[in-house]
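This structure is a prediction, so every number in the text was calculated from the model and none was measured. In what follows, chains carry the letters A, B, and so on, assigned in the order in which the sequence lines appear, proteins first and then strands, with residues in each chain numbered from 1.
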Number of protein chains: 2
Amino acid sequence: MIEAQRLAVFREVAHRGSFAQAAQALRLTPSAVSQQMAALERAAQAGLFERSTRGVTLTAAGQALLRTADTIHGELHRAERALARLREQGPPSLTVATFASAGMLLLAPALAALNDREDRHVDTTVIESEPQQALAALDDGSADMALVYHFHTEQPPPSWADIAHRYAYHPLLRDELRLVVPVGHALARRSTARLDDVADEPWIQMWDLPGNALDALASAHGLRPKVACRAGDFPFMQALVAAGVGIAFIPTLAVVDRPDTRALVLTPTAKRYIGAYTAPGVPSNHASRALLDALKARATTVPMS
Amino acid sequence: MIEAQRLAVFREVAHRGSFAQAAQALRLTPSAVSQQMAALERAAQAGLFERSTRGVTLTAAGQALLRTADTIHGELHRAERALARLREQGPPSLTVATFASAGMLLLAPALAALNDREDRHVDTTVIESEPQQALAALDDGSADMALVYHFHTEQPPPSWADIAHRYAYHPLLRDELRLVVPVGHALARRSTARLDDVADEPWIQMWDLPGNALDALASAHGLRPKVACRAGDFPFMQALVAAGVGIAFIPTLAVVDRPDTRALVLTPTAKRYIGAYTAPGVPSNHASRALLDALKARATTVPMS
DNA sequence: CTACTTTACGCCTGTCGTAAATATC
DNA sequence: GATATTTACGACAGGCGTAAAGTAG
């Protein structure tokens, strides 16, 4: 009964929060959007919006339908990209969104192993992005696979539930957080440290850490750390540490070997979990399965220095 | 560019293998279907069919698009069901497809534990079905979760790749195959047995065992067993064993305690893996996550007699 | 008054069916 | 010749825009 065509309009309305803005984005008149949504509500036999003169908000039924609309939008987008690539007569092709350290340590070697065998060659486009953006790319249909990390538990954090539950998750690897300090630091000659040891020092944190893991970790210990600054990637954070701006917590796999910093084991250990989300989409049959196998194989042999 | 509406027609064509039959199923004329598919091929900028006078077959591009069409169809169907249930103002509701023994030993206790707490009450519809049909129900949008089993490896068998790769998989439990013989059997007083011991006896097998696990197991040992008959569920198989029709291999959790049969441990052991597939759909946010947690909790305490 | 949604109505695009043509087994 | 797909063409439904009305801040 529900026509998929209308869901594209519905999705635009839901994301913009107003019929008028959605109409403008879709190059339609507000009238057309209103009629479409009225028809959709009839088909769904449920009210989808709370109307007001300052736009609309979704009802519970509307929020439920939005997830469906998002999924369908992503699938269509992915299908179009897949058809475009297939038209070029090239080898099977994938787009993978990954954060930097997994790209270097997992994805690149996995691709190398995969492409050694001519029959399993996979033409891969890589988008470097942090987990939040990687999942958004997956959701939007711009990527077929997303390599992500998260803290605390093997299962992805609740804040991802809406998006993450729509895709298959494959655990790959886990590493630990290290406390990185400059060589001149009081702790630099020790090999382990506790959170309390640096409670009063300025911390260098990451933008958009999934679930604000470090904040949660700190408050669980009753700490209110001073945040010296926030950076976008781990190597930059480590450079800031070397410059004496503050201390930082960096996952083992992202720590680079620099003479001007030391990486200390944290007790109790805080683990980081790395995994892959795969989209249900078009190229999954061969290429994404092959790549996933290669990633798993690589994950078992990655050096945990 | 690709209009989702046409994919419903495309899907019907792909499954029926002919424009004419699809037209009949959709209550359209072959002409309309032909025009729709011509428009779809223009939008996709790719040939989707190999035409012949005995129907059509899909090209590579067509097969790719079919997966997208199936996913979208399932999502729409699931959304409609979810909206219908939400309209009744009832508690969150799920439909779960399960095979019989998991229904009794896992699902029922998990639901009982879940519904004890009033705030986590979940209204559940159960469809009893073997793994193949359970996945089909998931794919079709008729179910939100599927409890399935498979053999050999923790990962689902390759024959499920097309369907299973589109959903998140959650391992739950594993048990072992037992060799079930009648009390009068030569082996009845032993506690363990090997495949070779029953190489020459008639076997009672299951319809649609995932991946024909037993056939693979037998041929790996160089055996060509005689299949006495095939049954649809394990209790019936065991009854046939008691009646002297043949011997059977039945998973521990499905073996019932009867005085006229004996269950022998198999060496080397053949394991059965039980897990759940969850759909990305509408009600996943709360209900399916809660049920999954309850299933996992139950799986750790299930008796492995 | 402003910004948004809704309704009424006419136009127009797009889709369907009928009918005839074409092609293959 | 039977069955299936394709094309041409006319009819109809549905969606869009214009315009005007209604409404809340």
- For atom CG of B:Leu26 and atom P of C:dC16, their distance in whole Å: 10 Å
- Item | Sequence neighbours excluded - ring-ring contact (aromatic ring centres under 6.0 Å, His included) pairs with any residue from residues 50-84 of chain B | none
- Within residues 13-21 of chain B: residues closer than 4.0 Å to DNA chain D (heavy atoms): B:Ser18, B:Phe19, B:Ala20
- A:Glu41 has an atom CD; how far is it from atom C1' of C:dT6, in whole Å? 12 Å
- Query: With a 4.5 Å heavy-atom cut-off, do A:Arg11 and A:Asp70 have their side chains touching?
  - Reply: yes
- Query: What ring-ring contact (aromatic ring centres under 6.0 Å, His included) pairs are there with at least one residue in residues 20-49 of chain A, not counting sequence neighbours?
  - Reply: A:Phe10-A:Phe49, A:Phe19-A:Phe49
- Does a side-chain N-to-carboxylate-O contact under 4.0 Å join A:Glu41 and A:Arg51? yes
- Task: Let me know the distance between CE of A:Met37 and P of C:dT7, rounded to the nearest Å.
- Result: 15 Å
- Look only at the side chain of B:Arg6 and the backbone of B:Met37, and say whether a donor-acceptor pair between them is shorter than 3.5 Å. no
- Task: Salt-bridge test for B:Asp144 and B:Arg81: reply yes if a basic N is under 4.0 Å from a carboxylate O, no otherwise.
- Result: yes
- Identified side chain to side chain contact (heavy atoms under 4.5 Å, CB included) counterpart of A:Met145 within the set A:Thr98, A:Thr95, A:Thr124, A:Val96: A:Val96
- Separation of D:dT5 atom C1' from B:Phe10 atom CZ, nearest Å, is 17 Å
- Is there a side-chain contact (heavy atoms from CB on, under 4.5 Å) between A:His150 and A:Trp160 once you walk through the steps? CA-CA 10 Å; A:His150 50 91; A:Trp160 292 0; 4.1 Å; yes
- Message: Test of understanding: with side chain to side chain donor-acceptor pair (under 3.5 Å), list the residues that count as partners of A:Gln63, not counting sequence neighbours.
- Response: none
- Query: Can you check side-chain contact (heavy atoms from CB on, under 4.5 Å) on A:Leu66 and A:Leu48, steps first, answer last?
  - Reply: CA-CA 10 Å; A:Leu66 178 57; A:Leu48 301 175; over 6 Å; no
- Note on the structure: Expected string for nucleotides 9-25 of chain D under the B/S/- scheme (protein heavy atoms, under 4.0 Å, primed atoms plus P, OP1, OP2 as sugar-phosphate) is ------SBBB----BB-
- In degrees rounded to 10°, what angle is found between the helical axes fit to the five outermost pairs at each end of the helix from C:dC1-D:dG25 to C:dC25-D:dG1? 40°
- Item | Atom pair distance, as rounded to whole Å: CD in A:Glu50 and C1' in C:dC4 | 16 Å
- Taking only Lys NZ, Arg NE, NH1 and NH2, and the carboxylate oxygens of Asp or Glu, determine whether A:Asp139 and A:Arg67 approach each other closer than 4.0 Å. no
